[in-house]
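Within every chain, numbering begins at 1; the chains are lettered A, B, ... in the order of the sequence lines, protein sequences first and strands thereafter.
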Amino acid sequence: MASVPTYDPAAVEERWQERWSRDHTNEPDLDRPSRPFYNLMMFPYPSAEGLHVGNMFAFTGADIYGRFKRLQGHDVFEPIGFDAFGIHSENYALNVGLHPARLIPQNIATFRRQLKRFGGMFDWRHELSTTDPRYYRWTQWLFLQLFRAGLAIRKKAAVNWCPACKTVIANEQVINGYCERHPDVKVEQRFLEQWFFAITRYAERLLANLDTLDWSSSTIAMQRNWIGRSEGAELIFEAPSGEKITVFTTRPDTAFGATYMVLAPEHPLVDALTAVEQRQAVRSYQREVAAQDLVSRKVGEKRKTGVFLGSYVRNPATGEAIPVWIADYVLMEYGTGAIMAVPAHDQRDFDFATQFGLPIRQVVQRDGEPLPIESQDGILVHSGQFDGLSCVEGGKGIVAWLSGRGFASPRVQYRLHDWCISRQRYWGPPIPIIYCDRCGPQGVPERDLPVELPLIEDFRPDDTGVSPLARHREWYFVPCPTCGGEGRRETDVSDTFLDSSWYFLRYPSTEFDDRPWDPARTRTWLPVTSYIGGNEHAVLHLLYSRFVTMVLHELGHVHFEEPFPKLRAHGLIIKDGSKMSKSRGNVVIPDAFIKKWGADTFRMYLMFLGPFQEGGDFRDEGITGIRRFLDKVWVLAHEAAQATLEPLPAAVARKLHQTIRKVTADTESLAYNTAIAAMMEYVNLAREENAAQREAVEPLLVLLAPYAPHMAEELWAQLGHTTSVFRVRWPSYDAALA
RNA sequence: GCGACCGUGGCGGAACUGGCAGACGCGCAGGACUUAGAAUCCUGUGGGGUAACCCGUGGGGGUUCGAGUCCCUCCGGUCGCACCA
């Protein structure tokens, strides 16, 4: 047998990457595809450290799926881009003392090189960056569509202020009271005028549509949780002075057990309900609470605090006068900012009542015995005509009874808040608004877009709550687009999640400068056929994208309401027992591995670590197993190229069909680890049976192609084929043999 | 507290609708080749026992001819949300 050349991954991979680029192998015809398949993966933010193993894991898994679909005869569009605006990039730039406008292109260049090196099937003609004015022009356009539709609203609100970022951040960016970018910096409460997107108006639809989506169940659960729908009722409590205080409750069945009321300290009726002799105590408590941040207020377990207002309201169920308190455990931004306190059946109310000696009255029991607090598995007592009913029936009855007297109405409450998109920072798209004393806030006319982010050297944020752009005087002052009078630009930039809320709409249309997306292209390619990404975006990016798409659909700009009908969440790569992150210092950069072992080996190694949708433990010992496997394939294929035609041993033929069946099913379901195991079993058997033959090897190379694309191409060519292995059809199996 | 997921050899992990537990890989042990090593190849590898055999999927209980898989319960772990009324 003639000798087989040594497998040299670097040479093989460089050769095929050049050929793919030269032959436009990865660039489908976007205008006339026969079977369009939009294979999307979550685009990266180009950090200075470069692509790490976690990114590689995600991209490899998504790329394998795209290549598999391609081999099954689809025209696969697999674009890539960079989410390069945002606080992360800007903070890093500040740290190293470089301007982001110079830093980001360097980072992108590194990412681009890494993404090419690992062999992704990317269509580089359609690369995008959110920092490109040709892109963010349309981000601003998108803002204007929402503004005109009345869905971008300016309101003064308690917001999360990160003293380190020196900007407002979204609720989603607050982690246990700390800034997600600064794990040791507590977020504070500030009241500022901000732009909000009215996502809460879509809460019901965002929730209901979840039932129509083919998504990982974990992601669905997180979104459902985040939207946080609660059914209950609003009840009205009246003060002797005539003030009506509305509370929200999910337990109207316990109305007879409400022995006091608590308002949020900022509740607008606090002043009116405060007795003269309590005024000083109330003011001082209010000041104390305002000095805290929004979030530490919400972190539980601490002692309850509060102040009696010195007045009473009437419980509409019992008719009794109950005392009114303020306490920081009641939050202004949820429900009505006021609660009826039922200490017998709510843990927080119980804690508060115990601390301040307030009465506790059982209204739910079972067999005359008290139940665990908050249990709904009992019957009503001390509840007048409703005694003896179950909690559910009694609750309905009480709401109906109180409604009839004008004291109640059923109510659905969401935990979701409106999306604050204002950022008092530099590195983002300026919000396209001009303030005019005469006309009010005016949208920048679309013909004047983009509002380019001016290049200013001193982009450092300060503590004033005013964006650095305000210091750029010639940029700041502009004529009002409506009256021509003196106007001032909005100096805030928009949240980076706005950039990423629509990028998938841009990819197929990147060459059009006169429209955000081309209607024909969009109709052909969208919604996205398959989306693969991490659950870290389950409630941020994925919810915002759904909302934006829903609005665009309503406004007639896109033909679909849900952008991602099919989504799969991949797992996390664990290293030394915890997930890879810069703060833990366990980030692994793939470059050295790829240099030593080759991209194909590294791709397969990552996929072999564990189930793709669950993640895996990164240790570098196991990589030799994959390399040994690829070496065996290499030798087998070279020998097959020189073999004479002989019948395939029956055992090998049977195993081949079983392997095709298993690899097909497993690749479809992203069970890449077991697909690889099946190919290993097949190769082991083929070697045992000395089946170094074309019929044995050619189908294997096609099965292998999504996983190790360079090697598959090389060996396919060695077997005498002159066209890419990716133009072949995925092998079929004989069900009788498999 | 609420929601989701998970627990299988020394390690990563297999096991479709309940049907031979431990595929595949790492590691390890022995052997072949070699002056020697590396690489490669072969054999073995859940625990106990000389053996036929016995015991084994976090603990306990249950359903079933049959349970890693289904049900109950307890223990342990991961992730998300959280003074959300």
Side-chain angles (χ1 to χ4, degrees), chain A residues 6 171-172 174-177 216-230 232-235 247-252 254 258 261-262 264 295-306 327-342 345-352 372-374 411 413-417 534-536 538-539 569 571-572 574 577-579 604-605 608-611 613-629 631-632 635 661-662 665-666 669 671 673-684 687-688:
Chain A
T6 311
N171 279 345
E172 291 88 335
V174 181
I175 314 292
N176 288 330
S216 294
S217 57
S218 54
T219 316
I220 296 258
M222 281 191 239
Q223 285 219 348
R224 190 164 278 140
N225 225 299
W226 190 261
I227 295 169
R229 184 180 196 274
S230 294
E234 286 189 346
L235 305 185
V247 305
F248 173 72
T249 179
T250 53
R251 295 292 306 275
T254 63
M261 167 180 275
V262 187
V295 183
S296 78
R297 246 185 94 170
K298 295 186 187 177
V299 176
E301 294 185 288
K302 61 171 191 176
R303 278 182 72 243
K304 294 271 186 294
T305 60
D328 69 351
Y329 82 94
V330 174
L331 307 171
M332 197 57 221
E333 70 275 13
Y334 184 77
T336 61
I339 63 158
M340 64 172 200
V342 185
H345 304 292
D346 181 282
Q347 186 64 49
R348 294 153 300 172
D349 297 343
F350 179 83
D351 295 344
F352 191 81
I373 213 165
E374 304 198 354
R411 167 78 194 264
Q413 178 68 41
Y414 298 93
R415 210 186 61 90
L416 184 70
H417 289 48
N535 256 344
E536 68 272 21
V539 288
L572 289 176
I574 302 296
S578 52
K579 79 174 171 193
M604 287 188 77
Y605 170 62
F608 196 58
L609 285 175
Q613 292 180 82
E614 287 168 36
D617 233 334
F618 189 88
R619 304 154 306 132
D620 39 18
E621 302 97 59
I623 198 166
T624 52
I626 295 290
R627 178 55 186 270
R628 283 175 193 152
F629 165 71
D631 279 334
K632 289 173 193 171
V635 171
R661 188 164 99 133
K662 179 143 180 71
D666 286 358
S669 61
N673 56 332
T674 48
I676 292 169
M679 289 189 272
M680 287 173 166
E681 280 186 60
Y682 175 69
V683 168
N684 289 345
R687 282 158 48 86
E688 274 168 39

Exercise. Distance under 6.0 Å and angle within 45° of the ring axis: does Lys304(A) meet both against Tyr329(A)?
Worked result: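 Cation-pi check for Lys304(A) and Tyr329(A): passes.
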For this session: Would you kindly compare Met222(A) and Asp346(A) by the position of their nearest RNA chain B nucleotide and give the one closer to the 5′ end?
Result: Met222(A)
Does any non-hydrogen side-chain atom of [Y] lie less than 4.5 Å from one of [X]?
X: Tyr682(A); Y: Lys662(A); result: no
X: Ile626(A); Y: Met680(A); result: yes
X: Arg251(A); Y: Asp346(A); result: no
X: Thr254(A); Y: Met340(A); result: yes

From [atom1] of [X] over to [atom2] of [N], roughly how many Å is that when rounded to an integer?
X: Asp351(A); N: A85(B); atom1: CG; atom2: C1'; result: 14 Å
X: Tyr329(A); N: A85(B); atom1: OH; atom2: C1'; result: 8 Å
X: Ile373(A); N: A85(B); atom1: CD1; atom2: P; result: 15 Å
X: Ile220(A); N: G80(B); atom1: CD1; atom2: P; result: 19 Å
X: Asp631(A); N: U40(B); atom1: CG; atom2: P; result: 8 Å
X: Ile574(A); N: C11(B); atom1: CD1; atom2: P; result: 18 Å
X: Ile339(A); N: A85(B); atom1: CD1; atom2: P; result: 11 Å

Problem set entry | Between Gln347(A) and Asp351(A), a side-chain donor and acceptor under 3.5 Å |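 Checked: Gln347(A)/Asp351(A) side chains pair up, N/O donor to acceptor below 3.5 Å.
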I'd like the [atom1] distance from [M] over to [N], given in whole Å.
N: G46(B); M: C11(B); atom1: C1'; result: 13 Å
N: C41(B); M: G76(B); atom1: C1'; result: 44 Å
N: A39(B); M: A32(B); atom1: C1'; result: 14 Å
N: C2(B); M: G9(B); atom1: P; result: 31 Å
N: G44(B); M: G25(B); atom1: P; result: 13 Å
N: U63(B); M: G30(B); atom1: P; result: 50 Å
N: U17(B); M: G7(B); atom1: P; result: 14 Å

Using a cut-off of strictly less than 4.0 Å, decide whether [X] has a side-chain nitrogen or oxygen near OP1 or OP2 of [N].
X: Ser218(A); N: C79(B); result: no
X: Arg415(A); N: C81(B); result: no
X: Arg224(A); N: A4(B); result: no
X: Arg348(A); N: C84(B); result: yes

Problem set entry | Approximate separation, where rounding is to 0.5 Å, of Asn684(A) CG and Lys632(A) NZ |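 Interatomic distance, Asn684(A) CG to Lys632(A) NZ, rounded to 0.5 Å: 5.0 Å.
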For this session: Can you measure from CG (Asn535(A)) to OG1 (Thr219(A)) and round to the nearest 0.5 angstrom?
Result: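 Asn535(A) atom CG to Thr219(A) atom OG1 measures 3.5 Å (nearest 0.5 Å).
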Problem set entry | side-chain contact (heavy atoms from CB on, under 4.5 Å) partners of Glu614(A), counting only residues at least two apart |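 Expected list: Pro611(A).
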For this session: For Ser216(A) and Ala569(A), indicate whether the former's side chain and the latter's backbone hold a donor-acceptor pair under 3.5 Å.
Result: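 Side chain of Ser216(A) to backbone of Ala569(A): a pair is present.
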For this session: Would you classify Arg661(A) as touching base, sugar-phosphate or nothing, given that sugar-phosphate means primed atoms plus P, OP1 and OP2, and contacts are heavy atoms under 4.0 Å?
Result: nothing
Exercise. NA contact type, Thr336(A), heavy-atom cut-off 4.0 Å: base, sugar-phosphate, or nothing?
Worked result: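 If one applies the 4.0 Å heavy-atom cut-off, Thr336(A) turns out to touch nothing in the nucleic acid.
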Problem set entry | Consecutive-pair stems (3 or more, Watson-Crick or G-U, under 3.5 Å) for RNA chain B | B:1-7 with B:75-81, B:10-12 with B:24-26, B:27-32 with B:40-45, B:46-48 with B:53-55, B:58-62 with B:70-74
Seminar exercise, completed: Quick tally for nucleotides 12-25 of chain B: nucleotides whose base has a protein heavy atom under 4.0 Å get B, sugar-phosphate-only ones S, the rest -, giving BSS--------BBS
Exercise. Which nucleotide in the set C83(B), G3(B), A85(B) lies at the smallest distance from any side-chain heavy atom of Asp328(A)?
Worked result: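 Per side-chain heavy atoms of Asp328(A), the pick is C83(B).
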Problem set entry | CZ (Phe350(A)) with more than 12 external heavy atoms under 6.0 Å | no
Exercise. Mind telling me whether G9(B) is syn or anti, cutoff 90° either side of 0?
Worked result: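 Classified syn.
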